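A quick note: this is a predicted structure, and the numbers were derived from the prediction, not measured.
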Amino acid sequence: MKYNELHKKLKKAGCYPTGKQISGHPEWFSPITGQKFATSNHQSEEVKIGTLKNIKRASGVNL
């Protein structure tokens, strides 16, 4: 899955970017878990498996 696909799925699930940066990466908020998490600016790159797993856990979204 590429980051642009990931962002679309997160938005569809109700997550949204906060407008802030975490070490140069966009910060997102999940109303499902109440947690903030970071993704990447590299829209056309594949999301690494471990990163995707962490985003799934923080967002509460079944990707």
Novice: Ignoring hydrogens, what is the shortest heavy-atom contact between A38 and H25? Give both atom names and the distance.
Specialist: CB-CB, 4.1 Å
Novice: Please report the shortest heavy-atom distance between K11 and P17, naming the atom on each side.
Specialist: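 For K11 and P17, the tightest heavy-atom pair comes out as CE-CD, 4.5 Å.
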Novice: Rounded to the nearest 0.5 Å, what separation is found between the CG atom of N4 and the NZ atom of K9?
Specialist: 11.5 Å
Novice: With sequence neighbours left out, write down each residue that passes side chain to side chain donor-acceptor pair (under 3.5 Å) with T51, or none if nothing qualifies.
Specialist: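 So T51 forms no side chain to side chain donor-acceptor pair (under 3.5 Å) with any residue.
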Novice: Of all the heavy-atom pairs spanning L63 and M1, show the shortest one and how long it is.
Specialist: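 For L63 and M1, the tightest heavy-atom pair comes out as O-CE, 4.1 Å.
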Novice: Is there a side chain to side chain contact (heavy atoms under 4.5 Å, CB included) between W28 and L6? Walk through the geometry before answering.
Specialist: CA-CA 12 Å; W28 285 66; L6 172 65; over 6 Å; no
Novice: How close do F37 and I55 get, counting heavy atoms only, and between which atoms?
Specialist: CE1-CG2, 3.9 Å
Novice: Check salt bridge (Lys or Arg N to Asp or Glu O under 4.0 Å) between K2 and all other residues, then give those that pass, not counting sequence neighbours.
Specialist: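 Counting only residues at least two positions away or on another chain, K2 forms a salt bridge (Lys or Arg N to Asp or Glu O under 4.0 Å) with E46.
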Novice: Tell me the closest heavy-atom pair linking P31 and C15, and the distance in Å.
Specialist: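 In terms of heavy atoms, the two residues are closest at CD-CA, 4.0 Å.
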Novice: Walk me through it: do H7 and T39 pass the test side chain to side chain contact (heavy atoms under 4.5 Å, CB included)?
Specialist: CA-CA 8 Å; H7 291 163; T39 63; 2.9 Å; yes
Novice: Run the ring pair (Phe, Tyr, Trp, His ring centres under 6.0 Å) test against F29 and tell me which residues pass, sequence neighbours left out.
Specialist: Y16
Novice: Hey, is CG on N41 packed in by over 12 heavy atoms from elsewhere, all under 6.0 Å?
Specialist: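 Result for CG/N41: enclosed.
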Novice: Got a donor-acceptor contact below 3.5 angstrom from the T33 side chain to the A58 backbone?
Specialist: yes
Novice: Looking at OG of S59 and NZ of K36, how far apart are the two atoms once the value is rounded to the nearest 0.5 Å?
Specialist: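 Answer for the OG-NZ pair, S59 versus K36, is 15.5 Å.
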Novice: Identify the heavy atoms of A13 and I32 that sit nearest to each other, and give their distance.
Specialist: O-CD1, 4.0 Å
